[in-house]
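Comments concern the structure below.
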Amino acid sequence: MATYKLAAVPTGDRIGYANDTLQVPDRPIIPYIEGDGTGPDIWRASVRVFDAAVRLAYGGKRQVAWMEVFAGEKSHTKYGDWLPAETIEACKEFRVSIKGPLTTPVGGGIRSLNVALRQELDLYACIRPVRYFEGVGAPVKAPGQVDVVIFRENVEDVYSGVEFKAGTPEAEELRLLAEKLSGKKIRPGSAIGIKPMSAFGTKRLVEAAIRYAIKHKRPSVTLVHKGNIQKFTEGAFRDWGYEVAREKFAAQAIAESDVGTGDGSRVIIKDRIADSMFQQMLLRPSDYSVIATPNLNGDYLSDAAAAQVGGLGIAPGGNVGDGVAVFEATHGTAPKYAGLDKINPGSVILSGVMMFEYLGWQPVCDHIVRGIERAIAARRVTYDLARQMPGATEVSTSAFADQIIAGMG
């Protein structure tokens, strides 16, 4: 076990990994990051829900040993480091962790801590399920038709962070090189960014999406791209996606164009242009069950889909690699509400559902989801949901957690 100077290691056991399978003990050590802004409020509520569901599911035979590790403003204030090396080490060693939202300035300042964690741990698949909870207010007529799981490539594309500030020698040198290689003019004084996308990165992401669809009996996987314009990056994403379907899933998947030749039992592989896909998600959401997409498209699309079913307050997310995963809230830090016990903890709680599913503790997931459904049915919800639900009673973060726990049994 690594030596930790900032974090206290609780009594428990490490999660193992062999033959592409997690080996989960009865008392796994799971690191957590509270998060910035409203993060502490949300975490206090969420961890009570998690512990209550585990107790209800296993009667004390299983328990999570929570280990606080540090990142973001709390870490910077206490230790002078936005993302300590030991936090990354703990996420590697203990394999499964969960976090609240972390601050990232726009423009200058630190790089995204969320992106740094994903890249350092090679968490190549950002998985975001989007579904409707009956009773939640929504801006569309039929939010119940939205039931999609988005697999967003997590470490490549423009999120790789390879960019150069306008006016720097590096930007000018790259501009001239790009002009020479492409024959196309780039305005002097431009900022320059690079968009790397590889066959390796694309294929492992699409493979994960297809495996998920097969395991969960979902009818299709749709490759979302902007290949009509960015032919050698996003267009390649589409082509590589179809390749991996042919190479690894010939008996289990079939291209949409070949559906007439199949027996109807295989996962259908589709592709859609990104801008068209936004329209499709509004007009025909039931046609899409699993989506695989490059990084930036997936960021936009997952937030837009979440808006159709009530917003980011109930939108979970997981960043998953090979034997390592970090589950996280998908919303921001909302600093103006920090310490007010007001914000919806649903995003972290539902991310916890994803985490327990990943661990194989399905009864815990069932209890939490049941508790959320009953809390919403009772119309005792936090302000973001209450303002969309006529006749609802607005409750605090902690009271919403109480309502969820009460509804688990």
Side-chain angles (χ1 to χ4, degrees), residues 82-83 88 102-128 150-209 223-244 271-275 277-278 291-304 317 319-322 326 328:
W82 289 97
L83 183 59
I88 295 171
L102 293 174
T103 297
T104 301
V106 176
I110 60 169
R111 285 279 183 187
S112 168
L113 301 175
N114 298 316
V115 172
L117 273 170
R118 296 165 191 165
Q119 292 177 341
E120 289 286 342
L121 299 170
D122 197 25
L123 305 174
Y124 58 84
C126 178
I127 306 172
R128 292 190 175 180
I150 298 171
F151 279 71
R152 165 190 170 196
E153 200 290 318
N154 219 15
V155 296
E156 296 190 329
D157 200 358
V158 293
Y159 283 75
S160 63
V162 184
E163 60 177 355
F164 302 92
K165 187 177 180 180
T168 61
E170 294 84 359
E172 183 63 12
E173 183 177 349
L174 190 57
R175 180 185 73 82
L176 293 173
L177 177 63
E179 283 191 352
K180 178 181 177 181
L181 294 176
S182 69
K184 297 179 181 179
K185 291 293 183 181
I186 300 174
R187 187 172 289 113
S190 295
I192 303 288
I194 296 179
K195 180 186 176 77
M197 295 177 69
S198 68
F200 173 81
T202 296
K203 286 186 175 183
R204 67 180 180 174
L205 182 278
V206 175
E207 179 178 345
L223 309 171
V224 177
H225 60 91
K226 192 61 180 169
N228 58 330
I229 303 300
Q230 300 172 60
K231 300 181 183 299
F232 303 127
T233 50
E234 305 241 351
F237 178 93
R238 170 192 180 275
D239 295 342
W240 290 327
Y242 278 117
E243 279 181 22
V244 78
D271 76 275
R272 299 290 184 269
I273 300 297
D275 45 333
M277 189 65 213
F278 278 86
I291 288 171
T293 180
N295 209 329
L296 185 60
N297 294 337
D299 198 0
Y300 294 151
L301 192 57
S302 57
D303 280 17
N319 303 287
V320 180
D322 294 326
V326 178
E328 65 177 355

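For the single chain, residues carry numbers from 1 onward in sequence order. Reckoned from all heavy atoms, side chains included, excluding hydrogens, waters and symmetry mates.
- The OG1 atom of Thr233 sits 7.5 Å away from atom CG of Asp157, with the distance rounded to the nearest 0.5 Å.
- At a threshold of 4.5 Å between non-hydrogen side-chain atoms, the residues Leu102 and Trp82 do not count as touching.
- For the residue pair Asn154 and Cys126, the shortest heavy atom distance occurs at OD1-CB, 3.3 Å.
- Atom CD1 of Ile192 sits about 15.0 Å away from atom NZ of Lys165, to the nearest 0.5 Å.
- Taking each heavy atom of Leu123 and Val155 in turn, the nearest pair found is O-CG1, 4.1 Å.
- Every side-chain contact (heavy atoms from CB on, under 4.5 Å) that Ala208 has, sequence neighbours left out, goes to Phe151.
- Phe278 and Ala304 make their closest contact through CE2-CB, 3.7 Å (heavy atoms, listed as atom of the first residue, atom of the second, distance).
- Of the inter-residue distances, the one linking Leu223 atom CG with Ile273 atom CD1 reads 11.0 Å to the nearest 0.5 angstrom.
- Here the closest heavy-atom approach between residue Ala209 and residue Ala292 is recorded as CB-CB, 4.0 Å.
- Looking only at side-chain heavy atoms (C-beta outward), Met277 and Ile291 come within less than 4.5 Å of each other.
- Note that CD of Gln119 and CG of Asn114 are 11.0 Å apart. Values are rounded to the nearest 0.5 Å.
- The CD1 atom of Ile194 sits 5.5 Å away from the CZ atom of Phe164 when rounded to the nearest 0.5 Å.
- Side chains of His225 and Thr202 form no contact here, defined as non-hydrogen atoms less than 4.5 Å apart.
- Every residue two or more places apart in sequence or in another chain was checked for a side-chain hydrogen bond (donor to acceptor under 3.5 Å, both in side chains) with Ser190, and none qualifies.
- Shortest non-hydrogen contact noted between Glu153 and Gly201 is CG-O, 4.1 Å.
- For residues 291-304, the side-chain hydrogen bond (donor to acceptor under 3.5 Å, both in side chains) pairs, not counting sequence neighbours, are Arg128-Ser302, Arg128-Asp303, Arg152-Asn295, Tyr159-Asp299, Glu234-Asn297.
- By the 4.5 Å heavy-atom criterion applied to side chains, Ile88 and Leu117 are counted as neighbours.
- Distance alone, capped at 3.5 Å, is enough to place a donor-acceptor pair between the Asn319 side chain and the Val326 backbone.
- Among residue pairs with one or both ends in residues 171-183, those qualifying as salt bridge (charged side-chain N to carboxylate O under 4.0 Å, His left out) are Glu172-Arg175, Arg175-Glu179; sequence neighbours excluded.
- Residues satisfying the side-chain hydrogen bond (donor to acceptor under 3.5 Å, both in side chains) criterion with Asp275, sequence neighbours excluded, are Lys226.
- Shown here are the side-chain contact (heavy atoms from CB on, under 4.5 Å) partners of Phe232, two or more places apart in sequence or in another chain: there are none.
- Nearest heavy atom pair, residue Ser198 against residue Trp240, reads C-CZ3, 3.3 Å.
- Looking only at side-chain heavy atoms (C-beta outward), Tyr242 and Val206 stay at 4.5 Å or farther from each other.
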